[in-house]
2 protein chains.
Amino acid sequence: MSDEIRRNMPLFSMGIVTDLTELSSRQVRYYEQQGLIRPVRTKGNQRLFSFNDVDRLLQIKSLMEKGVNIAGVKEMLREKDQQQAQEAQPEPQPQEVTKPDLSDAELHKLLKRQLSELGSRPNQSHLIRGELSRFFH
Amino acid sequence: MSDEIRRNMPLFSMGIVTDLTELSSRQVRYYEQQGLIRPVRTKGNQRLFSFNDVDRLLQIKSLMEKGVNIAGVKEMLREKDQQQAQEAQPEPQPQEVTKPDLSDAELHKLLKRQLSELGSRPNQSHLIRGELSRFFH
DNA sequence: CTTTTTATGTTAAATTTCCTTACATGCATT
DNA sequence: AATGCATGTAAGGAAATTTAACATAAAAAG
């Protein structure tokens, strides 16, 4: 729980995040606009990102490089969020499945179509998916 | 060693550091000028601080609140740096003691005089000495 | 008890970074 | 051919940061 706080502490400015992720600021703002991340703001309205935000951005980048579109990314992050919420409160809560934004059929079709690609491009000198987790234990 | 990289990765802008440490930017710059920290710079000449920098600033703050002056802080950080350097390369290196900037007598006198005070003031909502270490394992 | 040093505050001007908005565009999808 | 998605780019303004200078209270030195 104290870990939760650390992961969500607003620490990084836009410039550092673009360096860390090698995303353009345009991309980062677009992803925020699409509801994929929720950085807080300074008094002067500038974005401050947390470890979690950077982590999500790396996941988003990874997925989009595989051809997944925003809708797909949104769906996958939503699932992951649910998992984490479950882990956070381990009470076995009998709950009817929350309706996904997209039907299972739609999502399946979507992913099936998109996962037939594979853009490959060497990368380094910045964070890659999974590398961030080492910042905490 | 990979840990060393993480600890020294330039991540934080001035604003975040002043929030984290509750030091004024003036203080942070002064401590840099005195050689206590060495933040790197962006292309545009703005400071970028690492975890290590923030950690040192918290130590500096803690010491100065106890009345230790810059010279004393400098000495104590130097000692700690030596320790860490030793731990990093555990080769039993027979080395004659490096001459301190201040003689032992001077330092002793200095600390003895200064440690007779104790400014107490409640603090919260920011990092305190030792709290930062949890960001890594 | 003056004088000097230390550590920090404050202000100003210049520079850099970031913000929003708007328009442009290549590539898929329809 | 027309539309939508994801991103680039440019303009204008606001916020954050920088250096340099001057001010000052408290401590140290003489």
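Proteins get letters first, then strands, A, B, ... in listed order; numbering begins at 1 in each.
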Is there a side-chain contact between A:Tyr30 and the phosphate of D:dT7, meaning an N or O under 4.0 Å from OP1 or OP2? no

Please state whether the phosphate of D:dA16, meaning OP1 or OP2, lies under 4.0 angstrom from any side-chain nitrogen or oxygen of B:Ser13. no

Tell me: CG of A:Asn69 to C1' of D:dT3, nearest whole Å? 16 Å

Check every atom of D:dT17, C:dC19, C:dT8 against the side chain of B:Met14 and return the nucleotide holding the closest atom. D:dT17

Restricting to non-hydrogen atoms, name the atom on B:Leu48 and the atom on B:Pro10 that form the minimum distance, rounded to 0.1 Å. CB-CB, 3.8 Å

What nucleotide among C:dA7, D:dT7, C:dC19 has an atom nearest to a side-chain atom of B:Met64? C:dA7

Starting at NZ of B:Lys61 and ending at P of C:dA7, how long is that distance when rounded to a whole Å? 17 Å

In whole angstroms, the gap separating P of C:dT10 from CD of B:Gln27 amounts to 11 Å

Phosphate contact (D:dA15 OP1 or OP2) by A:Gln46 side-chain N/O below 4.0 Å: no

Closer than 4.0 Å, any side-chain N/O of B:Ser25 to the OP1 or OP2 of D:dT18? no

Just compare D:dA6, C:dT16, C:dT8 and give me whichever is closest to any side-chain atom of B:Thr42. C:dT16

Short N/O separations, protein against nucleotides 20-24 of chain C, under 3.5 angstrom:
from: C:dT20; atom 1: OP1; to: A:Arg41; atom 2: NH1; distance (Å): 3.1
from: C:dT20; atom 1: OP1; to: A:Arg41; atom 2: NH2; distance (Å): 3.3
from: C:dT20; atom 1: OP2; to: A:Arg47; atom 2: NH2; distance (Å): 2.3

Specify the closest pair of heavy atoms between B:His126 and B:Asp19, including all atoms of both residues, with the distance to one decimal. CB-O, 3.6 Å

Can you classify the ring geometry of B:Phe51 versus A:Phe51 as parallel (below 30°), tilted (30 to 60°) or perpendicular (above 60°)? parallel

Below 4.0 angstrom from OP1 or OP2 of D:dT7, is there any side-chain N or O of A:Tyr31? yes

Salt bridge flag under 4.0 Å for residues B:Asp53 and B:Arg56: no

How many Å lie between CG on A:Leu48 and C1' on C:dC19, as a whole number? 13 Å

Distance check needed: D:dC5 C1' versus A:Leu36 CG, whole Å only. 14 Å

5'-most contact on DNA chain C (nearest-nucleotide basis), A:Ile16 vs B:Gln34, goes to B:Gln34

Take atom CZ of B:Phe12 and atom C1' of D:dT17, then tell me their distance rounded to the nearest Å. 18 Å

Could you report the tightest heavy-atom contact between B:Val28 and B:Ile37, atom names first, then the distance? O-CD1, 4.0 Å

Interatomic distance where CZ belongs to B:Phe49 and C1' belongs to D:dA16 [whole Å]: 13 Å

Output yes when A:Glu75 and A:Arg78 qualify as a salt bridge under the 4.0 Å nitrogen-oxygen rule, no when they do not. yes

Given atom CD of A:Glu65 and atom C1' of D:dT7, what is their separation to the nearest angstrom? 14 Å

Applying side-chain contact (heavy atoms from CB on, under 4.5 Å) to A:Ile16 and A:Leu11, what does each step give before you reach the verdict? CA-CA 10 Å; A:Ile16 312 177; A:Leu11 291 176; over 6 Å; no

